[in-house]
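The basis for the numbers below is simple: all heavy atoms, side chains too, and nothing from hydrogens, waters or symmetry mates.
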Amino acid sequence: MAVLHTLRRGKAVHVNMLFRPSLFRNAIFWNSSCITQQIMHHDSEKKNMCRKAKSGLFGEIYEGPYHLLHIRPMSSQSQGSFLTDLKSSPSPALFLGFFGAVPFTGLAGMSIFLPEHMELIAHAQQAYGACILSFLGAIHWGYALAKNSGLKPDWSTLGYSVTPSLIAWTALLVNPLPGFVTLCVGLAVALSKDLKTPYFPVWYYSLRKALTTLAVGSVAFTAAVFYFH
């Protein structure tokens, strides 16, 4: 974890930093008495920090007289921290999340063992994938409505939140193969968007990675079986 105490205007601040490995989630603790780094606080510097936070370099950002930044590279998560973060997920989220992946994996398996029902299986996979994709977009809408949420109910957030629903609807209007491709792309885009949003709990990123892998893998497998059927 990193603590950056930054004055609002003009003066230079010294941040004493000492890297030390953590026993918890591979976080980085910063301590005093090692390296002194001078940071000039200008408006341009503040905007640069906020831009990095949005890109996933910082895990969380708080506004106020001081800026408290939890540094956590979202895109460079090691296997150890991934599993640790996944295990730290609330039990209901873990149970419902993986239980919700059962239709994906179940339909993928049925496409092998029940080829005579391939048309029905393909339609069921398309429909369930569209429902899940719509749900992933709605998470941003709901999170933006929460009091003191980092996500604001602006055009960017709410505009994106309805985009997965439109992609899911499009996937249902076309034939199974292009529909499967559309769903895979939509699920991948939704995951990318979530990983670049620094306001969610850390465990949510690991859970999203695991569940999206299962969903995209199952849809792609069903598409392959349907193609060669």
Side-chain angles (χ1 to χ4, degrees), residues 1-3 20-29 52-62 68-109 125 128-153 157 160-161 163-165 167-168 183-221:
M1 184 173 67
V3 180
R20 184 177 62 184
S22 168
L23 296 177
F24 303 97
R25 302 182 186 173
N26 292 339
I28 297 176
F29 286 89
K52 288 181 179 179
K54 290 180 180 179
S55 67
L57 178 61
F58 300 120
E60 298 178 29
I61 183 168
Y62 297 89
L68 176 63
L69 304 180
H70 297 272
I71 297 182
R72 180 59 176 273
M74 297 302 178
S75 60
S76 59
Q77 196 176 36
S78 67
Q79 183 178 4
S81 64
F82 169 80
L83 294 176
T84 301
D85 292 342
L86 187 61
K87 291 177 182 178
S88 70
S89 303
S91 297
L94 206 57
F95 176 80
L96 294 174
F98 281 99
F99 190 76
V102 170
F104 280 122
T105 57
L107 289 169
Q125 190 75 285
Y128 189 68
C131 291
I132 295 299
L133 185 54
S134 298
F135 169 77
L136 295 176
I139 289 176
H140 286 251
W141 184 293
Y143 207 84
L145 298 182
K147 186 177 181 180
N148 298 325
S149 173
L151 285 178
K152 304 303 179 185
T157 300
Y160 163 74
S161 69
T163 301
S165 299
I167 297 175
L183 287 175
C184 288
V185 172
L187 290 169
V189 169
L191 175 62
S192 177
K193 178 65 175 179
D194 282 355
L195 295 181
K196 292 179 180 178
T197 303
Y199 306 109
F200 296 129
V202 174
W203 58 264
Y204 179 73
Y205 299 102
S206 294
L207 187 61
R208 284 285 287 112
K209 289 178 182 178
L211 296 178
T212 298
T213 300
L214 287 174
V216 172
S218 298
V219 172
F221 184 85

Without swapping roles, check the side chain of [X] against the backbone of [Y] for a donor-acceptor pair under 3.5 Å.
| X | Y | value |
| --- | --- | --- |
| S88 | D85 | yes |
| S192 | A188 | no |
| T212 | K209 | no |

Kindly indicate whether the side chain of [X], heavy atoms from C-beta on, has any atom under 4.5 Å from the side chain of [Y].
| X | Y | value |
| --- | --- | --- |
| F104 | L211 | no |
| I139 | Y204 | yes |
| V219 | Y128 | no |

Shortest non-hydrogen contact from [X] to [Y]?
| X | Y | result |
| --- | --- | --- |
| S206 | S81 | OG-O, 4.5 Å |
| L94 | L86 | CD1-O, 3.7 Å |
| P153 | A144 | CD-O, 3.7 Å |
| A93 | L207 | O-CD2, 3.8 Å |
| L183 | A130 | CD2-N, 3.7 Å |
| L136 | A190 | CD1-CB, 4.1 Å |

Quick one: [atom1] on [X] to [atom2] on [Y], what's the gap to the nearest 0.5 Å?
| X | Y | atom1 | atom2 | result |
| --- | --- | --- | --- | --- |
| L187 | I132 | CG | CD1 | 8.5 Å |
| S149 | F200 | OG | CZ | 8.0 Å |
| L145 | K152 | CG | NZ | 12.0 Å |
| K193 | S161 | NZ | OG | 10.0 Å |

Practice task
Could you go through the side-chain contact (heavy atoms from CB on, under 4.5 Å) check for Y199 and H140 one step at a time?
Solution key: CA-CA 10 Å; Y199 306 109; H140 286 251; over 6 Å; no

Practice task
Evaluate the criterion side-chain contact (heavy atoms from CB on, under 4.5 Å) for residue pair Y143 and T197; output intermediate values, then yes/no.
Solution key: CA-CA 11 Å; Y143 207 84; T197 303; over 6 Å; no

